[in-house]
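In what follows, a single structure is set out as structure tokens and then discussed.
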Amino acid sequence: MPNIPVVETILNVNDQLAEKNRAIFDRAGLLALNVMASPGGGKTSVIARIIDTLRDEVRIGVMDGDIVALDLESFAAQGIPVSLINTGGNCHLDANMVHSALPTMDLDALDLLIIENVGNLICPAAFKLGSHLNVVIASVPEGSDKPYKYPAMFRGADVLLLNKMDLAAYMDFDVDYFRHGVEVLNPGVAFFPVSCRTGEGLDAWHAWLRARLAEKIQARA
Ligand code: MG
């Protein structure tokens, strides 16, 4: 089988650039998150909640892979450094897009860089960005079969949020089936059922994130 697919070459180049990005993040001493979900799964809401809770404790910046800056406007209005990575309609961010955006932000002035990926559960799973943690968000209205349909995304998660739990009472969402699918792919992954609307479950998730930030900040000294 001598036929090596082109995509493998692309991914190798991407991985090398992702390592460069990681080195830049580490030199700046910040924690970088790659936030991934379906469109409407709650990426921007999860980020808004992080900002509300942690903005007085750590310095936060946000990069958004999107075609319009709509989601960033309220963050920018709060004085959060933001950058739009215009994907030109691409279905995912890659390491090169993130790398190109790095000079737009003073990374030394940040503790936490949140990168909001393009809304998609397939393509973003294949492209490392150099971030430290993959934050994957599923949501109740999407159904409990998502881990079975998009295994790569769930396998690569460092932390998994199940958002819109406030809707669980109105929908046939089988939490046990969902969790079983996740557990097979990614045993022991940190898992937080939350609702960004009601605030349910967010304390536990933010405590987890705060602990990861403390580790990063301690490693600087
Ligand atoms: Mg968004």
Side-chain angles (χ1 to χ4, degrees), residues 21 30-55 58-102 104-105 110 112-143 146 149-150 152-154 156-167 192-202 205-206 208-209:
N21 289 346
L30 60 77
L31 182 74
L33 309 181
N34 178 8
V35 178
M36 295 176 279
S38 300
K43 295 180 295 303
T44 304
S45 303
V46 164
I47 294 167
R49 286 294 202 158
I50 292 172
I51 291 170
D52 288 347
T53 305
L54 295 178
R55 59 171 305 152
V58 292
R59 301 163 298 169
I60 304 172
V62 179
M63 288 184 179
D64 183 10
D66 216 328
I67 41 178
V68 287
L70 197 65
D71 289 347
L72 290 174
E73 283 169 6
S74 72
F75 301 153
Q78 298 175 62
I80 300 291
V82 298
S83 203
L84 179 70
I85 306 175
N86 197 318
T87 55
N90 213 320
C91 64
H92 61 270
L93 286 176
D94 64 27
N96 185 48
M97 292 179 200
V98 170
H99 192 76
S100 306
L102 295 182
T104 65
M105 244 179 229
L110 296 182
L112 177 63
L113 175 64
I114 306 174
I115 305 168
E116 178 176 340
N117 213 314
V118 180
N120 185 328
L121 287 178
I122 303 172
C123 315
F127 289 85
K128 290 179 189 166
L129 306 181
S131 52
H132 299 97
L133 297 173
N134 286 339
V135 180
V136 175
I137 307 163
S139 69
V140 165
E142 296 171 62
K146 285 294 161 292
K149 286 188 172 171
Y150 305 102
M153 178 57 76
F154 287 86
D158 296 301
V159 54
L160 175 63
L161 307 184
L162 177 57
N163 190 25
K164 308 192 187 183
M165 283 303 288
D166 53 303
L167 299 177
F192 299 100
V194 302
S195 166
C196 288
R197 194 176 74 85
T198 66
E200 162 187 358
L202 289 175
W205 148 236
H206 291 153
W208 186 91
L209 180 58

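Because only heavy atoms are used, hydrogens play no part in the values below, and waters and symmetry mates are left out as well, while side chains stay in. Note that the coordinates shown come from a computational prediction; the quantities given were computed from them, not determined experimentally. When a ligand or atom number is given, it counts from 1 through the structure's own listing order.
A side-chain donor-acceptor contact under 3.5 Å links Lys43 to the backbone of Ser38.
Protein atoms that are N, O or S and lie under 2.8 Å from the Mg ion (ligand 1) are these: Thr44 OG1, Asp71 OD2, Glu116 OE2.
Applying the salt bridge (Lys or Arg N to Asp or Glu O under 4.0 Å) rule to pairs touching residues 59-80 yields Arg59-Asp111, sequence neighbours excluded.
Side-chain contact check for Asp52 versus Gln78: some heavy-atom pair is nearer than 4.5 Å. Annotation: side chain of Leu129 is in contact with side chain of Asn117 (closest heavy-atom distance under 4.5 Å).
Using a 30° and 60° split on the angle between ring planes, Phe192 and Trp205 fall in the tilted class, from 30° to 60°.
Residue Ile47 forms a side chain to side chain contact (heavy atoms under 4.5 Å, CB included) with just one option from Ile60, Leu33, Ile114, and that option is Ile114.
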